[in-house]
Amino acid sequence: MTEMMIETRNLTKKYRGTRAVDALNLAIPRGEIYGFLGPNGAGKTTTIRMLLGLIKPDSGVVQIFGQDLRKDRLRILRRVGSLVEYPSYYGHLNAIENLETSRRILNVPKSRIDEVLHTVGLTKDAKRHVKGYSLGMKQRLGIASALLGSPELLILDEPTNGLDPSGILEIRELIKRMPQEQGITVLVSSHLLSEVEQMASSVGIVNQGRMIFQDTIPNLQRKAGSEIHIALSDAETAMITARELGCFPRLDQGKLVFKGIDNDQIARLVTALVDARHSIYRVEERRKSLEDLFLTMTGGGSSDAASADDTIASGAPRAAGLRREAAQ
Amino acid sequence: MIGKLLSTDLLKMRRTGIWWVVLIGPVGLAAMQALNFGLRYDYLVRGRYAADPWSGLLNETAMFVPIAVYLAMTLLMAMIANIENKQNSWKQMLALPVRRSQVFASKFLCCLIQLLAACALLSVSTAAVGLALNFSGPIPYADLLTFGVYPMLASLPMLGFTLWLTLTFRNQAIPISLGIAASLMSVFGASMPEVVPLAWPALVVSGQRALTFMGLGVGLFAVLYLLGSAHFSRKDVA
Ligand SMILES: Nc1ncnc2c1ncn2[C@@H]1O[C@H](COP(=O)(O)OP(=O)(O)OP(=O)(O)O)[C@@H](O)[C@H]1O
Ligand SMILES: [Mg+2]
């Protein structure tokens, strides 16, 4: 069995009678980048606060590194780096002094400060008062102090909040490197599916305090389902060729649309079609947009799940991999 | 652990101006008396307190000690708490491997160190005033050392209360208003019933059963401190 870095059982927190977090069961194995996804007010920050012992659950258990948070809080927290919501900082101190306040408690060598400042790209501004920093720089400083104690588990609440596109990319790459280079497990919350999809290996989706989906990203994508669209010169006769190969497409605006077809079948099909003198214009994969799936699951939009082909509806079409012009 | 916390807390006080408060309070008080005694030298030093000018100086200064101590506690604790409250650094600080009771203790120790430093400064600067004015008679070392600290001990319940308020609630308007109200009321301390803690520092200054009221001050402080610390250790951190 894989070792669980974070495990919660029936974690519940009520605010004035309403459950901000409702019987949440998190399970995060070692080495994962776990995307903790949910719309505003879903209970992500509340959950993270409970994981760090900042607030007490009304019921339920938190286990980190297999230890009970209530019993071993200090030993657990020594191995955890965190950033909760917007960054905290001491504005009248510079970045080095800010990190020094944590360093003295974490008991790590002074050289760690330079290292983490370098990691987040703040070396140049290290001696400036933090109150003069931009939001993005403060966010970086927050990540730097999360990394300071060389944690085994990193808990980041919306770490790319307030960063510009290049900053988002940088932090995303940084997070992606964590498990490979240092064996760090990461829990990163976000309300943007696209962001989580680009860095996480598994995902938990919460809505109104409840976990509504928890699995790996590939499984989430599988759940979203995909179709192969082949645009070619004579769709009607191509249908017959396809049927002879045991594929049963539907016809859609002069294109053949296949559901649940694997790579081998596509390869054989394309060869057969080329042999049959069809001009193939494009072969593309179209996915039911994950955003649509997300909205359907969280009930956050009236988006119709059946409009799977409508790739434009939720932004960029997700034609991946197979898009290829068949030259003939 | 508490040592590490204390060194962190002292580091966080850089550039906050807290130490200026510690310096200006007692030195200002002594300067006020320097003016008082300097301008009314004939009346005070040669006349009223001719027999013992040192006691005269100490008594005149001591009258202002209760109000000064209450103000200092309010201001210092508000400034200390503000360091964490300002950008809500509590969530970051308390997610570090620290015991909350020790965090609370460290903040208290910071304030206590500053109060003691202010008392020491008051002793030194008052002695300087007496020496500068060429007071006759032996320097009353013992009284100089204690005339700030004793009323401070009797005022400690205020610190116990404001410690909890400032560290627990983000809104500092309440503790600051209460602190200012308490310091103004402490002026009339000597005419209040003995059961009112606000009267204790003034009673210590007037020298009646000083030890009793210091003991009461420390005792009540201990109770308030433990209650405050227990709540701080359990409360949700926003
Ligand atoms: N201290 C509090 N007092 C009262 N209600 C609270 C408190 N903290 C959170 N809540 C409520 O709990 C719910 C979950 O809030 P939470 O901050 O965990 O959401 P979130 O998933 O982090 O959202 P976001 O994406 O906006 O950061 C919200 O409805 C919020 O109003
Ligand atoms: Mg949040």
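A, B, ... follow the sequence lines: proteins, then strands. Residue 1 opens every chain. Heavy-atom basis, side chains included; hydrogens, waters and symmetry copies ignored.
Put simply, of A/N107, A/V80, A/I55, A/T45, the one with the most heavy-atom pairs under 4.5 Å next to chain B is A/I55. The residue among A/R79, A/H129, A/R75 with the most heavy atom pairs within less than 4.5 Å of chain B is A/H129.
In this structure, A/H92 contributes its side chain and B/M13 its backbone to no donor-acceptor pair below 3.5 Å.
Enclosure of atom CD in B/E60 by more than 12 non-hydrogen atoms of other residues, nucleotides or ligands within 6.0 angstrom is indicated. For B/L131, the CG atom sits in a packed shell: over 12 heavy atoms of surrounding residues, nucleotides or ligands are nearer than 6.0 Å. Heavy atoms of other residues, nucleotides or ligands lying less than 6.0 angstrom from CG of B/L35 number more than 12. Heavy atoms of other residues, nucleotides or ligands lying less than 6.0 angstrom from OH of A/Y34 number more than 12. The neighbour count for A/K14 NZ, taken as heavy atoms of other residues, nucleotides or ligands under 6.0 Å away, does not exceed 12. With a 6.0 Å radius and a threshold of 12 heavy atoms from other residues, nucleotides or ligands, B/F188 has its CZ atom at or below the threshold. By the 6.0 Å contact criterion, CZ on A/R172 is enclosed, its count of non-hydrogen atoms from other residues, nucleotides or ligands being greater than 12.
Side chains of B/K86 and A/K131 form no contact here, defined as non-hydrogen atoms less than 4.5 Å apart. Considering only heavy atoms from C-beta on, A/I105 comes within 4.5 Å of B/T8 through its side chain.
When all heavy atoms are compared, the tightest approach of A/L74 to B/V98 is CD2-O, 3.4 Å. Between A/L106 and B/P97, the closest heavy-atom pair is CD2-CD, 3.7 Å. Among all heavy-atom pairs drawn from B/K12 and A/T101, the shortest one is CG-CG2, 3.7 Å.
Using a 4.5 Å cut-off between heavy atoms, A/I155 does not touch chain B at all. Looking at A/T46, there are no atoms closer than 4.5 Å to chain B (heavy atoms on both sides), in backbone or side chain. Only the side chain of A/K13 comes within contact range of chain B, judged by heavy atoms closer than 4.5 Å. At a 4.5 Å heavy-atom cutoff, the contact between A/R78 and chain B is made by backbone and side-chain atoms alike. Neither the backbone nor the side chain of A/N98 comes within contact range of chain B; no heavy atom of the residue lies under 4.5 Å from a heavy atom of that chain.
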Would you tabulate the side-chain donor-acceptor contacts of residues 116-125 of chain A under 3.5 Å, counting partners in other chains and residues two or more places apart, or write 'none'?
| residue | atom | partner | partner atom | Å |
| --- | --- | --- | --- | --- |
| A/T119 | OG1 | A/E115 | O | 2.8 |
| A/D125 | OD1 | A/R128 | NH1 | 3.0 |

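To the nearest 0.5 Å, atoms OG (A/S88) and CG (B/L94) are separated by 10.0 Å. Here the straight-line distance linking atom OG of A/S82 with atom CD of B/Q92 works out to 7.5 Å at 0.5 Å rounding.
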| message | One pair to check against side chain to side chain contact (heavy atoms under 4.5 Å, CB included): A/E100 and B/L11. What are the steps and the verdict? | response | CA-CA 9 Å; A/E100 177 67 16; B/L11 168 64; 3.5 Å; yes
| request: Evaluate the side chain to side chain contact (heavy atoms under 4.5 Å, CB included) criterion for residues B/D236 and A/L54: first the C-alpha distance (whole Å), next the side-chain angles of each, then the deciding distance (0.1 Å), finally the verdict. | output: CA-CA 6 Å; B/D236 282 359; A/L54 291 172; over 6 Å; no
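Checking B/Q87, B/E84, B/R15 one by one against A/Y90, the side-chain hydrogen bond (donor to acceptor under 3.5 Å, both in side chains) holds for a single residue, B/E84.
Salt-bridge formation is not detected for the pair A/R104/B/D9: no Lys NZ or Arg NE/NH1/NH2 atom is positioned less than 4.0 Å from an Asp or Glu carboxylate oxygen.
A cation-pi arrangement is present between B/K91 and A/Y86, with the terminal nitrogen or guanidinium carbon under 6.0 Å from the aromatic centre and inside a 45° cone about the axis.
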